[in-house]
Amino acid sequence: MTSCRILADGDVVVARQMARKRAGELGFSRVDQALIATAISELARNIVHYAKSGHIEITEVNRGRRFGLQVVASDQGPGIADIDLAMTDGYSTGNSLGLGLPGTRRLVDEFDIESIPGRGLTVTFIKWKP
Amino acid sequence: MTSCRILADGDVVVARQMARKRAGELGFSRVDQALIATAISELARNIVHYAKSGHIEITEVNRGRRFGLQVVASDQGPGIADIDLAMTDGYSTGNSLGLGLPGTRRLVDEFDIESIPGRGLTVTFIKWKP
Amino acid sequence: MNRRVPILRQGQTLIASVKDAVSDQEMRDLQARLLSDVVNTGASGAIIYVSALDVLDSFGSRMLSDIAGAIRLRGARTVIVGIQPEMALSMVLLGLSMGLVETALDLDAGLEILGHGVRL
Amino acid sequence: MNRRVPILRQGQTLIASVKDAVSDQEMRDLQARLLSDVVNTGASGAIIYVSALDVLDSFGSRMLSDIAGAIRLRGARTVIVGIQPEMALSMVLLGLSMGLVETALDLDAGLEILGHGVRL
Ligand SMILES: Nc1ncnc2c1ncn2[C@@H]1O[C@H](COP(=O)(O)OP(=O)(O)O)[C@@H](O)[C@H]1O
Ligand SMILES: Nc1ncnc2c1ncn2[C@@H]1O[C@H](COP(=O)(O)OP(=O)(O)O)[C@@H](O)[C@H]1O
């Protein structure tokens, strides 16, 4: 497992580069590396914007014959009260595009989002190796 | 040189597949093959829509040390009086997106469009092999 | 040459699998059939699987958006599945986007979006 | 870590070459500098060369559109050059497009759009 503290702008870059490198070593295609890095970029930026600090954890996962990369983005920020709303294209409480969460789900194979409002947000995704 | 008569819908498909095959044989990348096929699809459709019939010609070209594929889409239709306007994103006299001509220019390396209004339109593009 | 795009049914979802090269007329035909199948079967979602498609140009993406829009009016959802990187590049260069149309990388993800698959 | 994106000048065109990984702050810095350079040099066009960029996410593409929009207000044009197929795929899946922003595959094509290169 590799973990990366997310506190500021620059950490977003560090996290996505770390993940891309790991994905490359594990034999993910260039395209998959880019999709993983982009997904992490979106989630890590949200941590900086909405929760001030958090973590990105990268682990390898096996399920049956499948092998993949699992990424957990977690924070102890305000969390999200209405997950369905936050997962809607274009919904943003910031001044941004509101495509980060719904878009990230489309970049990955499995996606899970859980929040205890007031206690934080945890987004988990898996990208399987084809 | 390969030439393909464009009269109807189905010819658009034939032309783009012919070009893709040729590009593949000449060693163009998958991405370049797709860009060439897409450019031809746009130009051939315009022939069917706006000029009823025309031709797509595919030739190999050499310039200096460079080697490429040249595509000429020509017709004897009404032509275009204001080329600059037709090359503007979003401009269409049909009920379509108006991205075919300006978009095609972005897909290729060299792009030339010439028209004698009332006498027809000729669009020429080159895709160089990197 | 008029091969129809096959439409399969899996539970509440219709899956249209677009073959390598599809003419504009075949796209229009797909639109009409997919829409009437949604109405006739009461399907809650449709997947248009485009990974084998040779070209996604301005007409093609416009058609996909139109189909998704028409299906939405019938209360069902559409996911475009399997857009290839080189198709995406043409789309971006042409100035196109899937805008409000839902996309997914593969069939599993598409089905999950429509609420069938297993969640993590 | 705050490496500035280099901005070169070639005739009437400014060329900003974005390196592999650029933080949000570095993007904002590029926006400010490119805009002031356009104003100060009276350049008629700007090229933002993104082919080495590692990720083009929702913030990044929004920034590119914003930069192009701001430069347009100063009467100059912007071309985004070198979008890679895998970046384009992320963009399409995220629901993004370059919309009204001009794009080109490579520097030559970008320069030609801005009216410098040789035409066919
Ligand atoms: N880590 C987080 N903590 C709290 N709220 C979040 C977090 N991430 C996202 N959100 C909320 O979900 C909304 C949608 O997020 P997203 O889809 O990424 O779009 P954007 O970041 O452009 O607003 C955000 O505007 C914010 O209200
Ligand atoms: N082969 C042609 N003959 C005559 N006019 C054409 C031809 N191709 C394009 N045009 C004109 O140029 C306009 C812009 O074309 P294009 O950018 O491909 O967009 P669209 O096909 O969606 O209208 C068309 O609406 C039409 O007026």
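Bear in mind that the values here come from a model prediction, so they are computed numbers and not experimental data. Order of the sequence lines fixes the chain letters, A, B, ..., with proteins taken first and strands second; residue numbering starts at 1 for each chain.
The line from CG of L93(D) to CG of L99(A) is 11.5 Å long, rounded to the nearest 0.5 Å.
Nearest heavy atoms, V13(A) versus A21(D): CG1-CB, 3.3 Å. Closest approach of D9(A) and S23(D) over heavy atoms only: OD2-OG, 3.7 Å.
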Return all side-chain donor-acceptor pairs below 3.5 angstrom for residues 90-98 of chain A, not counting sequence neighbours, or 'none' if the list is empty.
from: S92(A); atom 1: OG; to: G94(A); atom 2: N; distance (Å): 3.0
from: S92(A); atom 1: OG; to: G94(A); atom 2: O; distance (Å): 3.2
from: S92(A); atom 1: OG; to: S96(A); atom 2: OG; distance (Å): 3.4

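Heavy atoms from other residues, nucleotides or ligands lying under 6.0 Å from CD of Q76(A) number 12 at most.
For a heavy-atom cut-off of 4.5 Å, chain A lies close to D54(D), V55(D), L56(D), D57(D), S58(D), F59(D), R62(D) in residues 47-72 of chain D. Chain D is approached within less than 4.5 Å, heavy atom to heavy atom, by R20(A), R30(A), V31(A) from residues 20-32 of chain A, ordered by number. Interface with chain A: from residues 73-91 of chain D, residues Q84(D), E86(D), L89(D), S90(D) qualify, criterion being any non-hydrogen pair under 4.5 Å.
In this structure, V48(A) and D24(D) have side chains that are not in contact, with every pair of non-hydrogen atoms separated by 4.5 Å or more.
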